[in-house]
Amino acid sequence: MSNDFDDFDDLALGNALRRMSGSTPDADSALGSFHKRVRVARIRRISVAASSTAAVVLIAGGAFALSNRGSNGPVSPADRSGVLDTIVDTVVDPSLVGTPPSSSALPAGNGSGSGSGSGSVAGNGSTDDSDHGTSGSDSDSGGSGSGHDSGSGTGSSGGSTPPGSTTTTTDDHGGGSDDGSDDGESESSEGSGSGSGSGSGSSTTIALVTKRCSSTGGAFTANRSAGNSITNVSPAAGFYKSEQEIESNQITVVFRGGEVEYHVVATWNGSTFVCSVES
Amino acid sequence: MVGVDLKDWNAGTLRTDIDSYFRAHYGRLVRALTLVCGNEETAADAVQEAFVKAHQKWRTVSEYDDPVGWIRRVAINRLRDDHRRNTRKDRAVARLGAGETWTVEAPEPTQTEELAKALADLPKQQRLALAFYYLEGLSVAETASTLEISEGAVKFHLHQGRERLRGLLGEGGRP
């Protein structure tokens with residue numbers, strides 16, 4: 001038995017098995033097939049890697065979008081008690097775009113040596129506004145008497161001009177030159193030209209500043225352009241607007257619900273509204 | 001195994017190395033596995049897949065003491081997977097076709113066909129041992145390493161397989 005286990009040389013069995021296994025396949029022809037399989041496998045690996053990367057990017061993007069959506073959800077006034085939610089929205093009121101009244105515009109000058117500059121200041125319709133804008137480049141054509149003043153001043157008024165407003169001074173074809181510094185107190189234009197100057201005025205765009213003040217009792221939007229006003233008054237569920245008071249620099253709206261009152265106050269601080277709530 | 005210096009290869013010689021191994025071992029591997037599974041196409045498919053996997057991991061595989069042993073092992077595993085898959089498929093087909101019986105007049109089997117049938121009736125491990133020992137020319141130790149069994153187990157399988165086939169080979173040892 002042990003001899004049988006140790007001696008396995010059997011020529012007849014080996015030949016029979018070789019006959020059964022058939023002829024030897026052609027390795028050269030199989031090599032082409034092998035290379036083709038290698039290419040296919042490589043393409044498959046690349047496509048799998050690309051698909052995996054794309055899937056990861058998609059999932060990450062989706063997760064990022066979901067997390068962002070959670071933080072930028074809609075604001076519901078009734079959901080957050082005692083917390084002020086303010087939304088500042090600055091829009092341009094088309095009705096306020098145009099040539100301002102001549103109250104702040106210097107009269108057109110005629111004659112030699114005097115030109116006219118337009119230091120027009122528009123803000124809240126009052127003449128006490130001062131424009132600290134600086135003119136841009138000045139050029140005086142001198143002899144022809146028609147100075148070409150092109151400048152733009154961004155109005156930061158000391159008065160009640162909203163900071164968000166933009167005062168645009170268009171080309172000023174006054175006869176003379178603007179010295180470029182406009183202190184607002186004296187709209188002086190010194191022309192050295194001899195021709196006649198005529199101011200062509202300026203156009204002013206005034207922005208509408210809005211701010212939404214919210215409380216548990218309700219919310220409203222405070223607007224300031226030419227004056228104070230409120231819009232979009234929306235009492236919360238169970239509340240109603242019992243009274244409102246609009247003053248020059250303050251708007252008060254009272255929301256009442258049963259025994260509870262919320263006094264929502266929007267105070268104009270010169271540049272924006274500040275909301276506060278008292279209950 | 002093959003006159004290729006595995007320690008001195010680089011990316012440029014990868015293809016040459018693999019091709020050399022393929023040319024040297026493909027035929028013998030396919031014949032051995034054909035003896036095991038009874039189908040040359042299936043055997044060739046398994047061997048080629050094994051070489052493709054070796055190509056993908058050639059930097060690692062080429063560092064092995066016996067890269068062809070690794071390829072042989074992968075091919076055997078592939079054959080086993082195919083066998084399991086086909087077995088499940090055959091069972092499913094048998095369940096679907098239960099009740100239908102086909103009777104085919106079979107021709108008188110030749111001696112080689114009888115030997116093939118007897119070989120097919122052997123346990124798979126015995127077939128593998130016979131194929132690698134007699135066809136591939138592996139030693140008992142190499143066969144044991146390839147099949148991941150002990151040398152004693154290889155000897156047992158060789159002995160059992162030869163005993164069962166000996167009757168068909170005739171007195172003179174010729175089928």
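So that the names make sense, note that chain A is the first sequence line, chain B the second, and so on, each numbered from 1.
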Quick one: what part of [X] sits under 4.5 Å from any heavy atom of chain A, side chain, backbone, both or neither?
{"X": "V52(B)", "answer": "both"}
{"X": "Q48(B)", "answer": "both"}
{"X": "L130(B)", "answer": "both"}
{"X": "N39(B)", "answer": "neither"}

- Message: For chain B, which candidate among A30(A), G22(A), A27(A), S33(A) shows the most heavy-atom pairs at distances under 4.5 Å?
- Response: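 Option with the greatest count: A30(A).
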- Message: If you compare all heavy atoms of Y26(B) against all heavy atoms of D26(A), which two are closest, and at what distance to 0.1 Å?
- Response: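 So the two residues come closest at CE2-O, 4.4 Å.
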- Query: Which heavy atom of T34(B) sits nearest a heavy atom of S21(A), and at what distance?
  - Reply: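 The answer is CG2-O, 4.0 Å.
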- Side-chain heavy-atom pair H55(B), R42(A) within 4.5 angstrom cut-off: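 Of all side-chain heavy-atom pairs linking R42(A) with H55(B), at least one is under 4.5 Å.
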- Is P25(A) close to R31(B) at the side-chain level, that is, under 4.5 Å between some pair of heavy atoms?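 Yes, close enough: below the 4.5 Å cut-off.
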- Return yes when atom NZ of K124(B) has more than 12 non-hydrogen atoms of other residues, nucleotides or ligands closer than 6.0 Å, and no otherwise.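 Counting other residues, nucleotides and ligands, NZ of K124(B) exceeds 12 neighbours.
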- Task: Kindly check if the number of other-residue, nucleotide or ligand heavy atoms within 6.0 Å of CD (Q56(B)) is above 12?
- Result: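 Result for CD/Q56(B): enclosed.
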- Item | Proximal component of S23(A), with respect to chain B [non-hydrogen, under 4.5 Å] |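 The backbone, not the side chain.
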- Task: With a 4.5 Å cut-off on heavy-atom pairs, point out which of V140(B), D45(B), V30(B), V47(B) contacts chain A the most.
- Result: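 The option with the most such pairs is D45(B).
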- Message: So, taking the atom named OH in Y133(B) and the one named CG in L13(A), what distance separates them when rounded to the nearest 0.5 Å?
- Response: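 Between Y133(B) OH and L13(A) CG, I get 10.5 Å after rounding to 0.5 Å.
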- Query: Parallel, tilted or perpendicular: which describes the rings of F34(A) and F22(B), with under 30° parallel and over 60° perpendicular?
  - Reply: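 Judged by the thresholds at 30° and 60°, the geometry between F34(A) and F22(B) is parallel.
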